[in-house]
Amino acid sequence: MTAPARSARFLIVGPQGSGKGTQGVLVAEAFGVPQVSTGDIFRANISGGTELGKRVQSIIEAGDLVPDELTSELVRDRLAQADAAEGFLLDGYPRNRGQVGDLEDFLAGRGESLDAVIELDVPREESIARISQRAIEQGRTDDTEDVIANRLAIYERETAPILDVYRAQGIVVRIDGVGSLAEVTARIFEALAVRGLAPAHPGRGAA
Ligand code: AMP
């Protein structure tokens with residue numbers, strides 16, 4: 001039996017439609033840390049009509065990236081909250097090399113670093129099929145065909161390369177993201193446990 005992880009600072013990376021949002025919530029719940037999704041924060045600001053929401057709305061609707069400075073500041077503020085002191089699960093940030101640098105600087109300033117980067121590996125066609133399905137089910141206005149193509153292109157060009165940085169640090173846990181939700185969840189917890197990262201109080205996510 002693996003001892004519970006001392007800290008749980010995770011990042012989950014995968015193309016849109018890889019299931020990273022859903023899997024991220026399960027991992028965060030099991031480890032008792034907050035899930036911090038920049039996409040969710042931006043969307044909440046847009047629906048709440050805040051100043052931030054107004055600034056980012058057109059960028060998000062086009063599937064482009066919100067400027068690094070704004071995004072990194074938002075994440076720093078969020079991670080400075082008390083509930084993220086012992087750990088967190090980042091979903092959707094960092095998304096390019098600039099943001100990787102911003103995050104490293106911030107964590108280094110606190111004497112922290114990421115424990116694992118969970119890479120959800122899903123082929124392009126599978127991602128597109130899942131996003132299109134979700135657009136129908138959830139009526140997401142940022143999920144039109146052009147926008148989906150733009151977001152996947154940005155993922156491949158800017159986000160996938162950040163994995164090289166983390167691979168060099170030896171912290172990437174690559175997971176085959178094709179399968180049922182439960183199958184993929186099980187693979188994630190198994191792979192984390194192999195690295196000595198087991199939840200102290202496994203919740204339903206680790207079942
Ligand atoms: P997501 O839900 O993670 O797919 O994010 C939805 C949208 O929010 C993205 O297509 C971007 O427009 C924006 N966004 C989310 N996270 C970031 C980030 N780290 N940097 C820049 N833009 C982001």
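Counting starts at 1 for both ligands and their atoms, in listed order.
No more than 12 heavy-atom neighbours from other residues, nucleotides or ligands sit within 6.0 angstrom of CZ on R55.
Of the listed residues (D64, D40, L65, L74), the one carrying the non-hydrogen atom nearest atom 12 (O) of ligand 1 is D64. Between atom 4 (O) of ligand 1 and the options R151, R43, Q57, the minimum heavy-atom separation is to R151. The closest heavy-atom contact to atom 8 (O) of ligand 1, among the options I60, V75, I131, comes from I60.
Of all heavy-atom pairs spanning A191 and I175, the tightest one is CB-CD1, 3.6 Å.
Applying the side chain to side chain donor-acceptor pair (under 3.5 Å) test to D105 and every residue at least two apart in sequence or in another chain returns nothing.
Looking at P94 next to ligand 1, no N or O pair under 3.5 Å apart turns up. In terms of polar-atom proximity, R95 is counted as a contact of ligand 1, with an N or O under 3.5 Å from an N or O of the ligand.
L65 and I60 fall into different hydrophobic clusters, where Ile, Leu, Val, Met, Phe, Trp and Tyr side chains are chained together by heavy-atom contacts under 4.5 Å.
Which parts of ligand 1 touch Y93 is read off a 4.0 Å heavy-atom cut-off, strictly below it: atoms 19 (N). Close approach to T71 involves these atoms of ligand 1, each under 4.0 Å from a residue heavy atom: 18 (C), 19 (N), 20 (N), 21 (C). Residue G92 approaches ligand 1 through these ligand atoms, each under 4.0 Å from one of its heavy atoms: 16 (N), 17 (C), 18 (C), 19 (N). With ligand atoms numbered from 1 in the order given, ligand 1 contributes 18 (C), 19 (N), 20 (N), 21 (C) to contacts under 4.0 Å with heavy atoms of Q99. Of all atoms in ligand 1, numbered sequentially from 1 with element shown, those under 4.0 Å from a heavy atom of T38 are 15 (C), 16 (N), 17 (C), 19 (N). Residue K20 approaches ligand 1 through these ligand atoms, each under 4.0 Å from one of its heavy atoms: 3 (O).
Counting heavy atoms under 4.0 Å from ligand 1, residue V66 touches it through both backbone and side chain. Proximity of D68 to ligand 1, defined as any heavy-atom pair under 4.0 Å, is not found for any part of the residue. Contacts with ligand 1 closer than 4.0 Å are made by no heavy atom of E61, backbone or side chain.
Taking CZ of R95 as the start and CD1 of I162 as the end, the distance is 9.5 Å to the nearest 0.5 Å.
The side-chain heavy atoms of S72 and F106, taken from C-beta on, include no pair separated by under 4.5 Å.
Using a 4.0 Å cut-off between charged side-chain N and carboxylate O, E119 and R167 make a salt bridge.
For the ring-ring contact (aromatic ring centres under 6.0 Å, His included) test with F10, the passing option among F88, F31, F189, Y166 is F31; the others fail.
Under the salt bridge (Lys or Arg N to Asp or Glu O under 4.0 Å) criterion, the residue pairs touching residues 7-25 are R9-E112, K20-D91, with sequence neighbours excluded.
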